[in-house]
Visitor: 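Supplied in structure tokens, the structure appears directly below.
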Amino acid sequence: MKTTPYHHNLLSDQERLAGFFEAIKEKSKGIVYDLGAGSGILSSQAASQAEHVFAVEKNPKTAQIAIHNLSNFDNVSVLVKDATKIIFPEKADLIICEMLDTGLIDEELIPVLQNARQYLKDHGEIIPCGIFNGLEPIHMETEHLCYQEGLKNNFKTMGPLKIYNSLNLKREFNEKVDVALKLPITDHGTVNGILITTFTLLTSNIICGPTPMLNPPLMVPTNPLKVSKGDKINLDLNYIMGGGLNTVKATIS
Ligand SMILES: C[S@@+](CC[C@H](N)C(=O)[O-])C[C@H]1O[C@@H](n2cnc3c(N)ncnc32)[C@H](O)[C@@H]1O
């Protein structure tokens, strides 16, 4: 299979692929859209069970790679289009959209589905079908927002994980996340950040936690606050899903 260096890393993440392959095997049939097709790997899995797969990729160079990789399938069409604006001639039985990132902040899954959902049959399905976002208060050593790539342990957990939003991707919802939470503190020290972790529901019975290339936990700095074990702190968190990391604001008191 031809790839770019980025798509090569995606293909090297066996845990990510295993989850998607299992979900696709369970759900692929009829008309399938693979939105953000990249190298075409998920389209190639869907094609063996589907009547027709529309693989949509915005980046022209990446789309050329998908065209090459999918050339042996006569039931796959690669469309070089922006999936936030695309118009489809027929409705799909299944939408696959691996445009995932932690908290759904930086990638376009949400704006893409806001457009594509209108082209899903009434009993059609979406992979992933749901998202749970959780956070915990932390003491972090860096001062800027960063991903826990390689899951290095350069922070200290200061309280338990709390799920702050759960999304059913078949339904429409507001792209703005604006939550006010009370967080229990379980240690003495300084809280100066939160760690966001995303859990992806691929189908109703396949859930994926973070893997090296799928939603590595995200550390977001806050103002610093001295705390003691047993305290409760207030957190205000807001961002726009699909709006980019510079929309994230987190403050504690
Ligand atoms: C995380 S990669 C997933 C690639 C592939 N589906 C896989 O699982 O290996 C997301 C892909 O979506 C593409 N993409 C991002 N925004 C898009 C948009 N608005 N419309 C179509 N493709 C988009 C990117 O160029 C990238 O190739």
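Side chains are part of it too, since the values below use all heavy atoms of this structure and drop only hydrogens, waters and symmetry mates. Just follow the structure's listing: the first ligand is 1, and inside any ligand the first atom is 1.
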Visitor: Any idea which protein heavy atom is nearest atom 22 (N) of ligand 1, and the distance to it?
Guide: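 Closest protein heavy atom to atom 22 (N) of ligand 1: Lys58 N, 3.2 Å.
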
Visitor: Extract all donor-acceptor atom pairs below 3.5 Å that involve side chains of residues 218-227 and protein atoms in other chains or at least two apart in sequence.
Guide:
from   : atom 1 : to     : atom 2 : distance (Å)
Thr222 : OG1    : Asn192 : O      : 3.4
Thr222 : OG1    : Gly193 : N      : 3.2
Asn223 : OD1    : Ile252 : N      : 2.9
Asn223 : ND2    : Ile252 : O      : 2.8

Visitor: I'd like to know if the side chain of Ser43 pairs up with that of Asp34 as donor and acceptor (distance under 3.5 Å, no hydrogens or angles considered).
Guide: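 Note: Ser43 and Asp34 side chains meet the donor-acceptor criterion.
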
Visitor: Looking at Phe88 versus Tyr119, is the centre-to-centre ring distance below 6.0 Å?
Guide: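 Yes, ring centres under 6.0 Å apart.
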
Visitor: For Ala250 and Ile194, work out which heavy atoms get closest and say how close.
Guide: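 For Ala250 and Ile194, the tightest heavy-atom pair comes out as CB-CD1, 4.2 Å.
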
Visitor: Within a distance under 4.0 Å of any heavy atom of Gly38, pick out the atoms of ligand 1 and give their elements.
Guide: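 The list of qualifying atoms is 4 (C), 27 (O).
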
Visitor: Between Asn115 and Lys85, is any side-chain donor less than 3.5 angstrom from a side-chain acceptor?
Guide: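 There is no such pair between these side chains.
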
Visitor: Taking 4.0 angstrom as the limit and counting only heavy atoms of Leu42, give me the atoms of ligand 1 inside it, by number and element.
Guide: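 Checking each atom against Leu42, I get 6 (N), 8 (O).
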
Visitor: With no hydrogens and no angle check, just 3.5 Å: does a side-chain donor-acceptor pair link Thr200 and Asn215?
Guide: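 Yes - a donor-acceptor pair under 3.5 Å links their side chains.
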
Visitor: If only side-chain N and O atoms count, and only distance matters, is there a donor-acceptor pair under 3.5 Å linking Thr4 with His7?
Guide: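 Their side chains do contain a donor-acceptor pair, which is all the 3.5 Å distance test asks for.
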
Visitor: Going by the closest heavy atom to atom 10 (C) of ligand 1, which one wins out of Glu108, Glu57, Met213, Glu98?
Guide: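 Comparing heavy atoms across Glu108, Glu57, Met213, Glu98, the nearest one to atom 10 (C) of ligand 1 lies in Glu98.
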
Visitor: Check Asp82 against ligand 1 and report side chain, backbone, both or neither, counting heavy atoms closer than 4.0 Å.
Guide: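 For Asp82, backbone and side-chain atoms both sit under 4.0 Å from ligand 1.
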
Visitor: Using distance alone, with no hydrogens and no angle criterion, decide if Thr198 and Asn133 have a side-chain donor and acceptor under 3.5 Å apart.
Guide: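 Short answer, yes.
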
Visitor: Quick one: side-chain contact (heavy atoms from CB on, under 4.5 Å) partners of Gln64, sequence neighbours excluded?
Guide: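 Residues passing side-chain contact (heavy atoms from CB on, under 4.5 Å) with Gln64: Ile67.
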
Visitor: In terms of residue, atom name and distance, what is the protein heavy atom nearest to atom 20 (N) of ligand 1?
Guide: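 For this ligand atom, the closest protein heavy atom is Ala83 N, 2.8 Å.
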
Visitor: Do Ser39 and ligand 1 have an N or O pair less than 3.5 Å apart?
Guide: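 N/O-N/O distance below 3.5 Å does not exist for this pair.
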
Visitor: Considering non-hydrogen atoms of the protein only, which is the closest contact for atom 4 (C) of ligand 1, and what is the distance?
Guide: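 The closest heavy atom on the protein side is Gly36 O, 3.4 Å.
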
Visitor: Name the closest protein heavy atom to atom 5 (C) of ligand 1, giving the residue it belongs to and the distance to 0.1 Å.
Guide: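 Going by distance alone, atom 5 (C) of ligand 1 is nearest to Ala37 O, 3.4 Å.
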
Visitor: For Ile41, counting its heavy atoms only, list the atoms of ligand 1 lying under 4.0 Å from any of them.
Guide: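 The list of qualifying atoms is 7 (C), 9 (O).
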
Visitor: Can you tell me if Arg16 contacts ligand 1 (heavy atom of the residue under 4.0 Å from the ligand)?
Guide: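 Flag set, Arg16 near ligand 1.
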
Visitor: How far is atom 1 (C) of ligand 1 from its nearest protein heavy atom, and which residue and atom name does that atom have?
Guide: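 Ranked first by proximity to atom 1 (C) of ligand 1 is Tyr6 OH, 3.2 Å.
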
Visitor: With atom 14 (N) of ligand 1 as the reference point, say which of Lys61, His7, Met99, Lys85 has the nearest heavy atom.
Guide: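 The residue whose heavy atom sits nearest atom 14 (N) of ligand 1 is Met99.
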
Visitor: Mark up the atoms of ligand 1 that fall under 4.0 Å of a heavy atom belonging to Lys81, in ascending order.
Guide: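 Every atom of ligand 1 under 4.0 Å from some heavy atom of Lys81: 20 (N), 21 (C).
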
